[in-house]
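Worksheet: one structure, shown below.
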Amino acid sequence: DQQVKQNSPSLSVQEGRISILNCDYTNSMFDYFLWYKKYPAEGPTFLISISSIKDKNEDGRFTVFLNKSAKHLSLHIVPSQPGDSAVYFCAARREYGNKLVFGAGTILRVKS
Amino acid sequence: EPEVTQTPSHQVTQMGQEVILRCVPISNHLYFYWYRQILGQKVEFLVSFYNNEISEKSEIFDDQFSVERPDGSNFTLKIRSTKLEDSAMYFCASRKGLAGARGANVLTFGAGSRLTVL
């Protein structure tokens with residue numbers, strides 16, 4: 001059941017450049033989307049979210065874009081820092097739903 | 001900052017044994033969850049709990065699994081008879097859930113309990 005897909009297992013970016021992580025979803029009932037960051041041996045940590053009524057949400061270096069017609073969202077990190085190196089999970093929730101459905105994750109490596 | 005705490009951080013058990021994983025969710029949160037991540041795979045939903053009962057569960061959450069909130073603060077996951085394929089990282093999470101409250105939809109996760117079944 002791959003309702004949330006992160007097709008890039010890994011991404012390598014130079015420090016200071018932009019990191020773009022992508023996520024696609026298939027369930028049109030999803031109305032709330034989140035990005036989580038996960039370091040080894042730790043739980044996922046909330047990063048940023050976006051409601052389906054918006055197409056962009058920004059928080060410091062992190063911006064999430066939502067394209068509902070394409071069922072696609074992306075996370076932009078500018079500028080990327082070595083401390084951003086982690087696994088990034090996209091997650092989605094249905095309207096009036098309870099659980100989050102996660103993608104498989106993308107490993108981001110920021111090189112200094 | 002409030003956090004979700006989980007114990008133990010790592011448990012090794014023999015196949016067929018019972019295991020209880022413990023969680024203390026954030027105190028003013030209303031919804032509680034267990035997720036698991038098998039090594040190299042995605043984070044999978046197991047069960048959600050609200051108002052002292054299961055609100056949703058996945059097909060993974062079969063009769064071998066149960067959850068309990070025995071004392072208003074702890075939230076436990078019990079696996080009655082562990083199998084090799086239960087080896088995974090188990091994450092507890094909680095969220096406020098109050099409509100309109102800031103962050104109401106955000107799940108806060110614990111650091112996880114690694115279960116190894118031999």
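Below, read A as the first sequence line, B as the second, and so on, with proteins coming before strands; counting in each chain starts at 1. What's counted below: heavy atoms across the whole structure, side chains too, no hydrogens, waters or symmetry copies.
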Within a radius of less than 6.0 Å around [atom1] of [X], do more than 12 heavy atoms belonging to other residues, nucleotides or ligands occur?
X: B:Leu39; atom1: CG; result: no
X: B:Arg80; atom1: CZ; result: yes
X: B:Asp62; atom1: CG; result: yes
X: B:Arg69; atom1: CZ; result: yes

Just to be sure I understand the criterion: a residue of [range] counts if one of its heavy atoms is under 4.5 Å from a heavy atom of chain B. Which ones qualify?
range: residues 103-111 of chain A; value: A:Gly103, A:Ala104
range: residues 33-68 of chain A; value: A:Leu34, A:Tyr36, A:Lys38, A:Ala41, A:Glu42, A:Gly43, A:Pro44, A:Phe46
range: residues 5-14 of chain A; value: none
range: residues 69-89 of chain A; value: A:Phe89

Honestly curious: do [X] and [Y] fall in one hydrophobic cluster under the side-chain, below-4.5 Å linking rule?
X: B:Ile38; Y: B:Leu118; value: no
X: B:Val4; Y: B:Leu115; value: no
X: B:Phe49; Y: B:Leu30; value: no
X: B:Phe91; Y: B:Val19; value: no
X: B:Tyr31; Y: B:Ile54; value: no

- Query: Got A:Asn98 and B:Tyr33 here, is their nearest side-chain heavy-atom distance under 4.5 Å?
  - Reply: yes
- Message: Is the shortest side-chain heavy-atom distance between A:Phe102 and B:Gln37 below 4.5 Å?
- Response: no
- Message: Show the nearest heavy-atom pair for residues B:Lys42 and A:Val4, with the distance to one decimal.
- Response: NZ-O, 3.8 Å
- Task: Taking all non-hydrogen atoms of both residues into account, name the closest pair between A:Lys99 and B:Phe45 and its distance.
- Result: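 Closest pair (atom of A:Lys99, atom of B:Phe45, distance): CD-CD2, 3.4 Å.
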- Query: Ignoring hydrogens and geometry, is there a side-chain-to-backbone donor-acceptor pair from B:Tyr35 to A:Leu100 under 3.5 Å?
  - Reply: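 Judged by distance alone, yes, a pair lies under 3.5 Å.
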